[in-house]
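Residues: numbered from 1 along the sequence shown. These numbers come from a predicted model, not from an experiment.
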Amino acid sequence: MLTRKQHELVCFINDRLEETGISPSFEEMKEALDLKSKSGVHRLISALEERNFIRRLPNRARALEVIRMPERPEKKGVRPATQQTLPQATAPQTNASGGNVRAMPEPANDVVEIPLHGRIAAGVPIEAFEGSSMLAVPAALLGSGEHYALEVSGDSMVEAGILDGDYALIRRTDVARDGEIVVALIEESEATLKYFRREGAMIRLDPANRAYDPQRYPPDNVRVQGKLSGILRRYD
């Protein structure tokens, strides 16, 4: 069962694809649904992905495919609200033989804003979630689910390509499999970014730097707060 906004969004995306062959941008979806920010669009798209109504096409920042459609309001004699927001379709292109050519999605630099929760240690654990602001992130770097960002402090994950000053993009979850890079909250007070492994009756948090030793804790002392989804790096 979709919410009203989820229903409006999948209908808007489907109508745009049928008329132009190009997915709407995040800005167009935000305006069509009268949302305040693109982060709201990202949450709706993630929810539709999880419910298998749409999927993102790989290697394209602005390519969505509608897998299945919910029941449309017009079947009950009601015109959908999203229909009023659709722009006029452009004339279809033709090839040399006169046949129609479906336009391919054009690249776009759609960004979403996710919470930035301070600094996290990639060495010795430090206090996590020192504050909260927002970080603009290319939508193509994020998959489904809810995300937040943490600024990396330290060098214990350099062999995994995670450097001091990077922004770790984290998908919220409280479960992890062996070998995944996670945000681990230790004794409800300190957090660190490490490889997660189970070792007998203990939890082992492994660095990616041979200069650092693994950290071992009883399971009750470690709580997974998310898994690494990507890294954002700025060059000054």
Side-chain angles (χ1 to χ4, degrees), residues 38-39 42-43 45-46 49-50 56 58-61 107 109-200 202-219 221-236:
K38 293 179 184 178
S39 60
H42 176 70
R43 286 192 293 270
I45 287 178
S46 295
E49 280 189 294
E50 291 174 356
R56 303 182 205 230
N59 303 321
R60 296 177 187 171
N109 295 320
D110 290 326
V111 298
V112 295
E113 290 187 339
I114 60 175
L116 174 61
H117 290 307
R119 294 173 67 83
I120 186 172
V124 178
I126 61 174
E127 195 72 21
F129 308 131
E130 297 170 349
S132 183
S133 56
M134 301 299 289
L135 179 69
V137 177
L141 294 181
L142 304 177
S144 61
E146 183 180 357
H147 290 75
Y148 61 91
L150 292 166
E151 186 178 358
V152 175
S153 174
D155 61 356
S156 77
M157 296 299 289
V158 293
E159 292 171 16
I162 303 172
L163 309 182
D164 183 71
D166 286 350
Y167 292 98
L169 309 179
I170 307 298
R171 183 171 67 85
R172 290 188 185 276
T173 182
D174 57 2
V175 296
R177 293 178 294 184
D178 280 11
E180 292 182 320
I181 298 177
V182 304
V183 174
L185 185 65
I186 302 168
E187 297 178 348
E188 298 297 325
S189 62
E190 297 174 323
T192 189
L193 188 70
K194 292 289 184 294
Y195 283 106
F196 177 90
R197 303 188 192 281
R198 294 176 178 84
E199 187 179 72
M202 304 290 283
I203 297 296
R204 193 180 82 215
L205 302 177
D206 286 346
N209 184 334
R210 279 164 284 189
Y212 291 84
D213 295 325
Q215 304 162 9
R216 294 174 175 82
Y217 301 94
N221 289 6
V222 178
R223 183 158 60 91
V224 173
Q225 292 199 308
K227 295 192 293 188
L228 184 68
S229 178
I231 289 292
L232 185 64
R233 183 171 299 154
R234 291 179 175 173
Y235 296 92
D236 297 329

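- Nearest approach of Ala149 to Leu135, heavy atoms of both residues: CB-CD2, 3.7 Å.
- Between Val182 and Lys194, the closest side-chain pair of non-hydrogen atoms is not below 4.5 Å.
- Shown here for Arg171 and Gly145, the closest heavy-atom pair between the two residues is CD-CA, 4.3 Å.
- Heavy atoms only, all atoms of each residue included: Pro214 and Pro207 are closest at CA-CD, 3.8 Å.
- Every residue meeting the side-chain hydrogen bond (donor to acceptor under 3.5 Å, both in side chains) condition with Arg197, not counting sequence neighbours, appears here in chain and number order: Asp206.
- The closest side-chain heavy-atom distance from Asp164 to Ser153 is below 4.5 Å.
- For the residue pair Tyr195 and Gly179, the shortest heavy atom distance occurs at CD2-O, 3.3 Å.
- Screening residues 138-154 for salt bridge (charged side-chain N to carboxylate O under 4.0 Å, His left out) gives Arg119-Glu151, Glu146-Arg172 as the qualifying pairs, with residues at least two apart or on separate chains.
- Among all heavy-atom pairs drawn from Ala168 and Ile231, the shortest one is CA-CD1, 3.8 Å.
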Legend entry - Candidate pair Ile181 and Ile162, rule side-chain contact (heavy atoms from CB on, under 4.5 Å), full reasoning: CA-CA 11 Å; Ile181 298 177; Ile162 303 172; 4.1 Å; yes

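- For the pair Asp178 (side chain) and Arg198 (backbone), a donor-acceptor distance under 3.5 Å is present.
- Within the 4.5 Å cutoff, the side chain of Leu193 has no heavy atoms near those of the Leu150 side chain.
- A 4.5 Å side-chain heavy-atom check between Ile170 and Tyr148 finds at least one atom pair inside the cut-off.
- Counting heavy atoms from C-beta outward, Val158 and Leu163 have side chains that approach closer than 4.5 Å.
- Within the 4.5 Å cutoff, the side chain of Val137 has no heavy atoms near those of the His147 side chain.
- Considering every non-hydrogen atom in both Pro219 and Met202, the closest pair reads CD-CA, 4.4 Å.
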